[in-house]
Amino acid sequence: MAKILVLMLLVEFFLVFGWFLSSSSSATASVLPNPSSSPNSIDPLIIHQEFENFITEYGKNYTTEEERSKRFQIFTKTFNYIAEFNRTRGPNTTFDLGINFFADLDDDELEKFCGDLPVSDSDEDYVRDDEEEERNMYNMTDQLPASVDWRSKGAVTSVKDQTSPACGGCWAFGTIAALEGLVQIRKKKLVELSVQELIDCVEGSSCRGGYPDDAYEYILENQISSEEFYSYVGFKHTYCANAITKREAKIDQYEQVPQGNELALKRRVAAQPVTVGICSDKAYYTYRRGVFSHDCPGGRTAKLNHVVAVVGYGTDAHGTDFWIIKDSQGTNWGERGFMRMKRGVGLRRIARYAFYPVIVEF
């Protein structure tokens, strides 16, 4: 009788666990916990097994049992957070969350992947009355395409990974992504430019954070090398090697999109990729797929703490407008390193701190 009971328990375990395996589209896809189960009903054995899979997939290495225990506790909270979100989401929710590289990091550690941007929390984000004339001008004179995807036009390089090694250089990645796009648009040649040069050479910036406008100011004065000649290492050197590396690209100026004006941002993205600051949190870092519509706590007063590039926009089959976001968290995050974020509602303060480079001539 005891043997039969054990056998039945094992069969039940593998049936449940099989659901988790089938929920991933590939070996590298993030895990999507069962939306029909509440966190308290998830078998601890399932979470333990998923933690082991997570360690293997992302190459995690915990040097002590104390560290391993700490990471498991954080992983469990993340797993339950995702399960609860996916279980209770409303019928109009258009995205999923899932396990990825960040699942064993707490909120303070996630903050280290970029840093606060110099934007007042009290500033208004949305289009203000004194921008009405500018807004109407865009509506009347601009015949913008319904959708733009600079990836399909060959103006977006491969997704980079600032998580390995961990470096809070999102400000540099977001800046370089926009400039790479513009160089391709103007020169018809896609070249990977040097993120490392910005990390090493922009004064006051590092893997602990920085500002896109400072990065553009540096490029304006010094030009920028290619990734080939100034390769990424994921930490700040004690020297700046720009004097001994070949200059690959220059800019003639850089501009800021009118603050809080998503119409103006759309107009600019129709012409080229744009660097933007956003607010990020646990929901953002655990995004898996779909049109992301979850705002930061605090909404329009949330602090901006992450930098990405907007590389297009469009509308999905359900009529939801979205931005195409290129991040620098590797291809296991989101939709192979990209996110579709709901457009036109001021989500994540996306138009509050947006910059783009200008090249007059080569």
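Here the structure is a predicted model, which is why all the values come from computation and not from measurement.
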Taking atom types as modelled, is there a side-chain donor on Y285 or N100 under 3.5 Å from an acceptor on the other?
-> no
Could you pull out all residues at least two apart from R247 that satisfy side chain to side chain donor-acceptor pair (under 3.5 Å)?
-> E197, T245
Which heavy atom in D295 sits nearest to a heavy atom in C279, and how many Å separate them?
-> OD1-SG, 4.5 Å
Kindly state whether the ring of W333 and the ring of Y287 have centres lying under 6.0 angstrom apart.
-> yes
Do the rings of Y58 and F54 sit parallel, tilted or perpendicular, given the 30° and 60° boundaries?
-> tilted
Between N53 and E57, a side-chain donor and acceptor under 3.5 Å = no
Give a yes/no verdict on a cation-pi contact between R343 and F322, requiring under 6.0 Å between NZ or CZ and the six-membered ring centre and an angle within 45° of the axis.
-> no
Aromatic contact, F173 with Y232 (centres under 6.0 Å) = yes
Within 6.0 Å of NZ in K282, more than 12 heavy atoms from elsewhere = yes
Test the K60-F51 pair against the cation-pi criterion, namely NZ or CZ under 6.0 angstrom from the six-membered ring centroid and within 45° of the ring axis.
-> no
Does the side chain of K326 come under 3.5 Å of the side chain of T157 through a donor N or O and an acceptor N or O?
-> yes
Would you sort out whether I199 and C207 count as a side chain to side chain contact (heavy atoms under 4.5 Å, CB included), showing the intermediate values?
-> CA-CA 7 Å; I199 291 172; C207 275; 4.2 Å; yes
Given V311, D149, T331, the one that forms side-chain contact (heavy atoms from CB on, under 4.5 Å) with F338 | V311
Does the ring centre of H306 sit less than 6.0 Å away from the ring centre of Y284?
-> yes
Is a salt bridge present between R151 and E180, judged by a nitrogen-to-oxygen distance below 4.0 Å?
-> no
Could you tell me which non-hydrogen atom of L97 sits nearest to which non-hydrogen atom of N86, and how far apart they are?
-> O-ND2, 3.3 Å
Using distance alone, with no hydrogens and no angle criterion, decide if E262 and W323 have a side-chain donor and acceptor under 3.5 Å apart.
-> yes
For the residue pair Y254 and Y356, is the inter-centroid distance of their aromatic rings smaller than 6.0 Å?
-> no
Should the heavy atoms of other residues, nucleotides or ligands under 6.0 Å from CD of Q253 be counted, would the total exceed 12?
-> yes
Could you tell me which residues satisfy ring pair (Phe, Tyr, Trp, His ring centres under 6.0 Å) with F95, sequence neighbours excluded, listed by chain and number?
-> F85, F292
Are I185 and L190 connected in the hydrophobic side-chain network, where two residues link if heavy atoms are under 4.5 Å apart?
-> no
Greater than 12 external heavy atoms within 6.0 Å of K160's NZ = yes
Polar contact flag, side-chain donor to acceptor under 3.5 angstrom, E192-S158 | yes
Would you find more than 12 non-hydrogen atoms of other residues, nucleotides or ligands less than 6.0 Å from E65 atom CD?
-> no
Considering all heavy atoms, the nearest C296-D281 contact = CA-OD2, 4.0 Å
Residue pair D213 / Y353, side-chain donor-acceptor N/O under 3.5 Å | yes
